[in-house]
Amino acid sequence: MRNLIPHLDGRVILKHGRCQRLRARSRSGMKRTGKKTATDRNFVVALSRGLDVLRAFQPNDGLLGNQEIAARTNLPKPTVSRLTYTLTKLGYLTPVPRFEKYQLAPAAMSLGYAALANLGVRHLSEPFREEVMRATGGAVAVGGRDRHSMIYFGQSRGSETVGVQLDVGSRVPIATSAMGRAYFWALDDDGRAEVSRILREHYGSRWPKMRDGLERSGETVAKYGFAISVGDWHDDIGAAGVALKLNDGTGPYAFNCGAPAFRFTEERLINDIGPRLLAMVRNIEAALGGLMPHSKKDVSKKLKSGGKVARVAEGFR
C-alpha cells in the first residue's frame with residue numbers, strides 16, 4: 001500500500017431501516033487464531049478462544065446461544081460449549097436456561113467499565129466533543145482499535161442526530177470508516193504492515209478493493225490532516241476522522257464526526273467538518289501533553305512525485 005500520515009475518522013449515525021444490516025456487518029468476520037500465533041510458544045490458545053467468546057457479544061445483542069457464538073467466532077460448537085460452561089463458572093456469562101442462551105454477566109461488564117475509567121482521553125475530550133457536536137450538528141466519537149475494527153469508548157450526540165446511532169461499544173471498520181482510516185495512517189510503517197495483514201486475512205477476496213480505498217484515504221490525510229468517508233462504510237453516512245497521538249505510549253486513538261451524507265457532503269467534510277475536528281484534536285493533544293502533528297514538510301517527504309504515495313508494507317499488497 002502507500003506510505004502516509006494520520007488523522008480523521010469515520011461514520012456515526014444510522015437510519016432505522018439500516019440498523020439490522022449494519023449490526024450484522026459489525027458482528028461478522030471473527031477469525032480463528034492465525035497460523036502465526038499457533039507457532040508462538042507464549043501464546044495461550046485456550047485463553048484467546050475464551051476471549052473470542054466474550055467478544056462475540058455486541059451492544060444490543062441481548063442473548064446468544066452456542067450456535068450463534070460458534071458462527072461469530074468460527075470455533076467448533078463443542079469447543080464453544082466448553083468455553084461458555086467455563087465462563088459461566090467463572091462468572092463472566094449468565095446462562096438463561098429457558099432459551100438455552102447466555103448473556104454477559106456483571107463480572108465481564110466490570111472489565112469494560114474499568115477500562116473506560118482508565119481512559120483519561122475519554123473524560124478529558126468530552127467538553128471538546130460536545131462543542132464540536134453543537135457547532136456541526138454531527139455525532140462526535142472517540143475510539144481505539146480492536147482487531148480489524150475501531151470500537152467506540154466515548155460518544156457525543158444531540159437531538160439533530162436522529163435515528164439509530166452508534167454508541168459506546170459499537171464498532172466501525174478500519175478500512176472504510178473515517179475513524180479507522182485516520183487511525184491507520186497514524187501508525188508507523190510496522191504498525192500499518194501488521195494491521196494490513198489482519199485486514200487482508202479478514203476480508204479475503206474483498207481486500208484489494210478495501211485496500212484501494214484505504215490507500216486513497218492516505219493521500220487525503222497527507223493533504224488535509226484528516227480522513228473522510230462518504231458512502232464507503234455506509235451509503236447514508238458522511239464523516240471525517242482525526243487521529244490522536246500521545247507521548248505516553250498509549251494509542252493512537254481516533255475521533256470522528258459524522259451525520260447523514262446529505263448533510264455531511266464531501267465538500268462540507270473537507271472545508272468545514274474536517275478542519276473543525278482537526279483543531280479539536282490538536283487542542284486535546286495539547287491538554288493531554290500529546291505529540292503535535294507532523295509538519296507539512298514532514299508529510300510531503302512521504303509522498304513521491306505526482307502525489308503518489310510509496311507502498312510501505314508487504315501486507316498491503
Side-chain angles (χ1 to χ4, degrees), residues 5-15 22 121-145 149-174 176-186 217 220-221 223-245 251-288 290 293:
I5 277 209
H7 298 0
L8 288 170
D9 159 281
R11 285 115 184 346
V12 176
I13 39 187
L14 322 175
K15 288 189 174 180
L22 289 174
V121 65
R122 173 176 179 261
H123 300 291
L124 187 144
S125 68
E126 185 172 2
F128 296 91
R129 287 187 276 115
E130 295 287 328
E131 181 179 1
V132 172
M133 178 268 293
R134 289 191 295 269
T136 63
V140 185
V142 57
R145 183 173 78 90
S149 303
M150 300 296 290
I151 184 167
Y152 282 22
F153 58 79
Q155 168 79 308
S156 299
R157 60 179 183 237
S159 58
E160 293 185 50
T161 52
V162 296
V164 179
Q165 302 173 348
L166 300 180
D167 209 336
V168 173
S170 297
R171 299 168 187 270
V172 294
I174 290 175
T176 55
S177 72
M179 177 180 282
R181 290 170 170 179
Y183 167 86
F184 181 85
W185 292 110
S217 75
T220 303
V221 170
K223 183 175 182 179
Y224 299 110
F226 54 85
I228 65 170
S229 180
V230 184
D232 298 321
W233 171 55
H234 187 262
D235 293 343
D236 297 330
I237 299 295
V242 176
L244 172 70
K245 299 182 73 173
Y253 304 109
F255 291 80
N256 68 7
C257 181
F262 74 88
R263 290 179 50 216
F264 277 18
T265 62
E266 181 174 348
E267 180 181 6
R268 188 181 178 196
L269 288 169
I270 290 176
N271 296 320
D272 178 24
I273 306 302
R276 285 179 185 270
L277 193 64
L278 180 61
M280 180 198 81
V281 173
R282 294 301 165 254
N283 287 333
I284 293 172
E285 283 180 337
L288 288 168

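- Heavy-atom neighbours of Glu130 CD from other residues, nucleotides or ligands within 6.0 Å: above the threshold of 12.
- Within the 4.5 Å cutoff, no side-chain heavy atoms of Ile237 are placed close to those of Pro260.
- Side-chain contact between Phe264 and Ile273 is present, with heavy atoms from C-beta onward closer than 4.5 Å.
- One finds the CE atom of Met280 at 8.0 Å from the SG atom of Cys257 (value rounded to the nearest 0.5 Å).
- Nearest heavy atom pair, residue Gly138 against residue Ala259, reads CA-CB, 4.3 Å.
- Arg181 is not listed as a side-chain neighbour of Ile174, based on a closest heavy-atom distance of 4.5 Å or more.
- Counting only heavy atoms from C-beta outward, the side chains of Gln155 and Tyr152 approach each other to under 4.5 Å.
- For the pairing with Phe128, the side-chain contact (heavy atoms from CB on, under 4.5 Å) check across Val142, Leu277, Asn283 returns one residue only, Asn283.
- No side-chain heavy atom of Asp236 sits under 4.5 Å from any side-chain heavy atom of Phe262.
- Of all the heavy atoms in Ala240 and Leu269, the pair that sits closest is N-CD2, 3.7 Å.
- Contact of the Phe255 side chain with the Val132 side chain is not registered, since no non-hydrogen atoms from C-beta on lie closer than 4.5 Å.
- A donor-acceptor contact closer than 3.5 angstrom is absent between the side chains of Ser149 and Arg171.
- Lys245 NZ to Tyr253 OH: the interatomic distance, rounded to the nearest 0.5 Å, is 14.0 Å.
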